[in-house]
Amino acid sequence: MQVQYAEGKGEAARAALHAFLNALPEYPGFLGAELLLSPAQPELTLVASRWAGEVPPVPVPDGVRAWVFQVQASR
């Protein structure tokens with residue numbers, strides 16, 4: 001399983017990441033995702049998505065950075 005984190009700052013990024021989250025179920029291997037906000041960092045928005053196998057080539061919104069991680073252990 002792989003996990004992708006997409007990160008953006010500001011209201012425009014928050015709206016773009018919300019639309020990004022809604023589009024993810026269309027891609028093969030999608031297992032689930034969350035839109036994350038933190039009171040400690042109110043400008044920051046994250047989408048954490050989980051994938052069976054490798055993350056497909058999912059286009060991220062302009063101004064958003066994304067990273068893919070291989071799950072090494074889980075509980």
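We're numbering straight along the sequence, starting at 1.
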Tyr27, OH atom: more than 12 neighbouring heavy atoms under 6.0 Å: yes
Considering all heavy atoms, the nearest Arg75-Ala73 contact: NH1-CB, 3.8 Å
Minimum-distance pair of heavy atoms, taken over all atoms of Pro61 and Phe20: CD-CD1, 3.9 Å
Single-linkage hydrophobic cluster Leu44~Tyr5, side-chain heavy atoms < 4.5 angstrom: no
Ala33 versus Leu21, closest heavy-atom pair with distance: CB-CD1, 3.5 Å
Arg65 and Glu7 ion-paired at < 4.0 Å: yes
Minimum heavy-atom distance Val47-Leu35, with the two atoms named: CG2-CD1, 3.6 Å
Residues clustered with Leu36, ILVMFWY side-chain links under 4.5 angstrom: Leu46
Taking every non-hydrogen atom, the tightest pair across Arg14 and Pro42: NH2-O, 2.7 Å
Value rounded to 0.5 Å, distance of CD in Glu54 from CD in Gln4: 12.5 Å
same_hphob_cluster(Val55, Leu31) at 4.5 Å side-chain heavy-atom cutoff: no
Heavy-atom closest contact (Leu24 atom, Phe30 atom, distance): CB-CE1, 3.5 Å
